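Model, not experiment: these values are computed from the prediction. Note that ligands are numbered from 1 as they come in the structure, with each ligand's atoms numbered from 1 the same way.
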Amino acid sequence: MKTIDELLADGVDGKRVFVRADLNVPLDGTTITDDGRIRAVLPTVKALADAGAKVVVASHLGRPKGAPDPAYSLAPAAARLGELLGADVAFATDTVGESAEATVAGLASGGVAVLENLRFNAGETSKDDAERAAFAEQLAALADAYVGDGFGAVHRKHASVFDLPKRLPHYAGHLIATEVGVLKKLTEDVKRPYVVALGGAKVSDKLAVIDQLLGKADRLLIGGGMAYTFLKAKGYEVGISLLQEDQVPVVKEYMERAEKNGVELVLPVDVLAATEFPDLKTKAPATYTTVDADAIPADHEGLDIGPKTRELYASKLADAATVFWNGPMGVFEHPDYAGGTRAVAQALVDADGFTVVGGGDSAAAVRTLGFDENAFGHISTGGGASLEYLEGKTLPGLAALED
Ligand SMILES: Nc1ncnc2c1ncn2[C@@H]1O[C@H](COP(=O)(O)OP(=O)(O)OP(=O)(O)O)[C@@H](O)[C@H]1O
Ligand SMILES: O=C(O)[C@H](O)COP(=O)(O)O
């Protein structure tokens, strides 16, 4: 894989360089609640601008339906990028139309522009190769070189991630190089004990990675919405908790395999449960009860790991030489259910080993709960991307940069 260093060594003064970033940041209206993904691409943007390139930054945001939708505009992200760079950042109100062409044509050497959301164009995410290729051709006309730096999206076979690099001299940016360097350590020469903590809500997406981890990790700690499918597989009733019923047999097989492989699979022993999901807008105090994991009332749902589990998980993380954590332990967006996520984050901070936090919400959680990012070995900008990397899958956005 050629890196941005080679591009910089060849000289970029006056060249138009397309940077595919992942500026898919959490928004409350037009307010960015966590700008981690914007800060993550700064080294690449700065290096190119300082070397005199005309930097064209592009990204998706959310999942609009292939047409412009103001709720998903990248304008707030462009403004934040400008603040962080301490420079003017031009914004094109379309991605490949008149505004994009004029904005790019108007860039001076060292200037930076952000294009509007790539997913406002159906060609970006199309499953039809020709449709994606046609959109990639239009994007290619805007640049002389391509730098892939949107690690969070490299698992997507999308026009700007997969098809565009084939049409321009292409390089990996600093963020992708860093992310791949760190995750490689977890797949190749991982230091043991290797402990993986998994939570969150995308249960079906994340169960596949457990299949792989059963051959790699020494210990798996399960929390968040994922835990209830495991508790059900253990024979417990889980009330109205998040449950992937069709995956119960799969999870039973994982439990058997864990035992056979000597992998310690640790499940919650107690949970905070309530009859209602909390109000995340008002954050009004919740009414909940703390119950043992085998005593969740039929009309309750588990919303966080309980105090005994927090202590147990902290003890299981204390001696880890390597930790990978993806997915909050509870509905951390509400203060009453943030305790489990906070406890696991604190255990990572306290652990002597190398700690990696992966995932949009997990990374946002550690920052919004007030942890210092430097207290972790690495905070990955990729959720799905980092998990698919750990699964050993070929990621389209990395494969395209390698070609
Ligand atoms: N017990 C639970 N019930 C319901 N939702 C839960 C529970 N525990 C955690 N969650 C929710 O899980 C969500 C985050 O899960 P998710 O799988 O998206 O993690 P992530 O770190 O963002 O990874 P990715 O980047 O792949 O999206 C949070 O919004 C949180 O409220
Ligand atoms: O948030 C993410 O995981 C990335 O930005 C990819 O977004 P997507 O899941 O909508 O493709």
Applying side chain to side chain donor-acceptor pair (under 3.5 Å), run through Thr33 and Asp28 and close with a yes or a no.
CA-CA 7 Å; Thr33 53; Asp28 186 358; over 6 Å; no
Heavy atoms under 4.0 Å from ligand 2: which residues qualify?
Asp22, Asn24, Arg37, His60, Arg63, Arg119, Gly152, Arg156
Would you mind checking which non-hydrogen protein atom is closest to [atom], with the distance to 0.1 Å?
atom: atom 21 (O) of ligand 1; result: Ser362 OG, 2.5 Å
atom: atom 18 (O) of ligand 1; result: Asp361 OD2, 3.4 Å
atom: atom 5 (N) of ligand 1; result: Val331 CG2, 3.8 Å
atom: atom 28 (C) of ligand 1; result: Glu333 OE2, 3.2 Å
atom: atom 15 (O) of ligand 1; result: Ala201 N, 3.0 Å
atom: atom 27 (O) of ligand 1; result: Lys202 NZ, 2.5 Å
atom: atom 25 (O) of ligand 1; result: Gly360 N, 2.8 Å

Taking side chain as C-beta onward, heavy atoms only, is [X] less than 4.5 Å from [Y]?
X: Ile4; Y: Val17; answer: no
X: Thr178; Y: His378; answer: yes
X: Leu183; Y: Ser386; answer: yes

Is the cationic atom of Lys232 (NZ for Lys, CZ for Arg) positioned less than 6.0 Å from the six-membered ring centroid of Tyr236 and within 45 degrees of its normal?
no
Quick check with a 6.0 Å cut-off and a 45 degree axis cone: is Lys216 positioned over the face of Tyr194's six-membered ring?
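That pair does not qualify as a cation-pi contact.
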Between [X] and [Y], does any side-chain N to carboxylate O distance fall below 4.0 Å?
X: Asp319; Y: Arg219; result: yes
X: Lys283; Y: Asp336; result: no
X: Glu253; Y: Arg257; result: yes
X: Asp50; Y: Lys46; result: no

Can His60 and Arg20 be counted as having a side-chain donor-acceptor contact under 3.5 angstrom?
yes
Heavy atom under 4.0 Å from ligand 1: found in Asp304's side chain, backbone, both, or neither?
neither
Quick one: does ligand 1 sit under 4.0 Å from the side chain of Lys206, the backbone, both or neither, non-hydrogen atoms only?
side chain
For atom 2 (C) of ligand 1, the option (of Gly225, Pro26, Pro278, Gly383) bearing the nearest heavy atom
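Ranked by closest heavy atom to atom 2 (C) of ligand 1, first place is Gly225.
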Shortest heavy-atom approach to atom 9 (C) of ligand 1 - which of Ala273, Gly330, Gly152
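Ranked by closest heavy atom to atom 9 (C) of ligand 1, first place is Gly330.
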Which atoms of ligand 1 are found less than 4.0 Å from any heavy atom of Gly359?
21 (O), 23 (O), 25 (O)
Near Asn326, which atoms of ligand 1 are under 4.0 Å from a heavy atom of that residue?
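What qualifies from ligand 1 is 21 (O), 23 (O).
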Stepwise side chain to side chain donor-acceptor pair (under 3.5 Å) check, Gln247 with Thr229:
CA-CA 7 Å; Gln247 295 295 314; Thr229 305; over 6 Å; no
Does atom CD (Glu311) have a neighbourhood of more than 12 heavy atoms from anything else shown, all under 6.0 Å?
no
Close N or O approach (Gly302, ligand 1; < 3.5 Å)
yes
Polar-atom distance check: Gly384 versus ligand 1, any N or O pair below 3.5 Å?
yes
Report yes or no: does a heavy atom of Gly199 sit under 4.0 Å from some atom of ligand 1?
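The answer is no: ligand 1 sits nowhere under 4.0 Å from a heavy atom of Gly199.
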Please confirm whether Tyr228 approaches ligand 1 to less than 4.0 Å, judged on its heavy atoms.
yes
Return yes if some donor-acceptor pair links the side-chain N/O of His170 with the main-chain N/O of Leu168 below 3.5 Å, else return no.
yes
